[in-house]
Amino acid sequence: AALVRGLALAALLVLCPAGAARQVRRPNVVLILTDDQDVCLGGMTPLKKTNALIAQMGMTFLNAYVPSALCCPSRASILTGKYPHNHHVVNNTLEGNCSSKLWQKIQEPYTFPALLKTMCGYQTFFAGKYLNEYGAEDAGGVGHVPPGWSFWYALEKNSKYYNYTLSVNGKARRHGENYSVDYLTDVLANMSLDFLEYKSNFEPFFMMISTPAPHSPWTAAPQYTNSFQNVSAPRNSNFNIHGKNKHWLIRQAKTPMTNSSIQFLDDAYRKRWQTLLSVDDLVEKLVKKLELNGELDNTYIFYTSDNGFHTGQFSLPIDKRQLYEFDIKVPLLVRGPGIKPNQTNKMLVANIDLGPTILDIAGYDLNKTQMDGMSLLPLLRGDKNETWRSDFLVEYQGEGYNGSDPTCPGLGPGVTHCFPDCVCEDSYNNTYACVRTLSTSWDLQYCEFDDREVFVEVYNLTADPHQINNIAKTIDQEILEKMNYRLMMLQSCSGATCRTPGVFDPGYRFDPRLMFSNHGVRARRFSAQSL
């Protein structure tokens, strides 16, 4: 048995050669993923301990984004390192490939945790929300444990704080509403501490802790229900204004919002902060335990969210899903070996980079993957010679009811999430794709909608950081054509072709003739058919 184990270990060290050089001291990795936590509207403010223990001890990425501002597509991008058009998870439903049997068969065996476990010999631990439809009876129920996880404590379906079911290594465990034993954020903290106490000390480990906070229903721990009583949602320049010159879904929002809507979103904002205080406690407990174990100095800790959030921007009360900064921008903090303390980084990074980064830390050859993202390790280590991307792709496929939204029957079919005051946050034709560009010369967002209008939105964020003025009709035509072509290219990219030079990079090549070739400029529109 010892000989077999030794041969297996030798094989793994060949696949992850960085581990061979360090022998048993390969780094550990912890990924803490929150649910719906914004960064643009003060979402990190309540997390004083997290800021002190991760941000001030490492690096804060100031321009971290998600390629789709919705839970399931975004989480699939984290796990696979791929854009939605390559992992094919387009929304939060089984039909949209969220934790479907197709996802389980085609994508799950090749997620970065699966590679860490099978190719690099890592112990892997998951606790919390996985994908929104995980545990659905039509996709194996909670008995399904995805490949790549040594320890599996996954929440059935979507975020809750009480009265939920966990899959404990494939067996259902029901929780009630007793704070001391059932409050999910604290349960995740305790499970994580138990893992650190009882795991093997002979193999490196990867932990993914996925909290319900600050997702609805925003149930705070009892000791925090009176916190932030004087806090309200930020009244920035795009709060409670009409979204003129924007897609019809934004224009349908009622402006000014009713007092009841404003009270509702202020209450939600306050409760979101309250739930995050328990996440702050979780981070503190985790870091203390790693320090007590003597493992903190050899452990990378990543802290991020699956998407942003809005509270009243352009008179949309509360949700995510939209193309604007407040929904697609997320916190990303990292500490670990070789990362100098209290740094900020302005490079354009995305959650498709997390998988490649963690595999790179483990010493896995990224050329053997099909991932679209890039390893952040050179940035984390302060490599000044690293050539970095100047743009990335945002893509979303809108959701809507076939019939009328039951809460607002007068609106007709095709819309959804019409609460409060029958202001709809989504529709079938809220289907769009964007190129988000951040270069030395331009801070730009170019978006096309897949609707009858072929509606276009363009924002110069240097002059207009709150994206109030759509300049699609006034920006230079040549820039529009280049962005249109770049969007087409990114929507059909895979792996290395997702990392080619952007429009404003020195190595960019633009041939206008390609726009009128057989492929056509709109040949790769983001739609159900292209997915």
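Fair warning: this is a prediction, and the values are worked out from it, not measured in the lab. Heavy atoms only: backbone and side chains are in, while hydrogens, waters and symmetry mates are out.
Less than 2.5 angstrom separates the SG atom of C98 from that of C72.
Each of E457, E395, E325 was compared with R436 under the salt bridge (Lys or Arg N to Asp or Glu O under 4.0 Å) criterion, and only E325 meets it.
Both tests pass for R272 against the ring of F309: distance under 6.0 Å to the centre and angle within 45° of the axis.
Under a 3.5 Å cut-off, the side chain of S68 and the backbone N or O of S74 do not form any donor-acceptor pair. With hydrogens and angles ignored, the 3.5 Å screen pairs a side-chain donor or acceptor of N63 with a backbone N or O of K346. A donor-acceptor pair is defined here as one N or O able to donate and one able to accept, closer than 3.5 Å; no such pair exists between the side chain of D443 and the backbone of L438. Under the 3.5 Å distance criterion, the side-chain polar atoms of N92 are left unmatched by any main-chain donor or acceptor of N132. Under the 3.5 Å distance criterion, the side-chain polar atoms of T311 are left unmatched by any main-chain donor or acceptor of I318. D38 places a side-chain N or O within 3.5 Å of a backbone atom of G43 that can act as its donor or acceptor partner. Of the possible polar contacts, none joining the Q37 side chain to the S305 backbone as a donor-acceptor pair under 3.5 Å is found. D464 places a side-chain N or O within donor-acceptor distance of the main-chain N or O of I468, the cut-off being under 3.5 Å. Side chain of Y432 to main chain of Q322: a donor-acceptor pair is present (N/O by atom type, distance under 3.5 Å, no hydrogens or angles).
At a cut-off of 3.5 Å, with distance as the only test, no side-chain donor of T80 or H87 sits close to an acceptor on the other residue. Between the side chains of Y446 and D391, not a single donor N or O lies within less than 3.5 Å of an accepting N or O.
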Original post:
When you look at C434 and C447, which way does the disulfide (SG to SG under 2.5 Å) test go after all the steps?
Top reply: CA-CA 4 Å; C434 309; C447 303; 2.2 Å; yes
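The salt bridge (Lys or Arg N to Asp or Glu O under 4.0 Å) test applied to D353 returns R389, not counting sequence neighbours.
When the shell of 6.0 Å around CZ of R174 is examined, it contains more than 12 heavy atoms from other residues, nucleotides or ligands.
Here the two rings, on Y83 and F392, have centers that are 6.0 Å apart or farther.
Every pair passing salt bridge (Lys or Arg N to Asp or Glu O under 4.0 Å) that includes a residue from residues 423-434 is listed here, sequence neighbours excluded: R321-D426.
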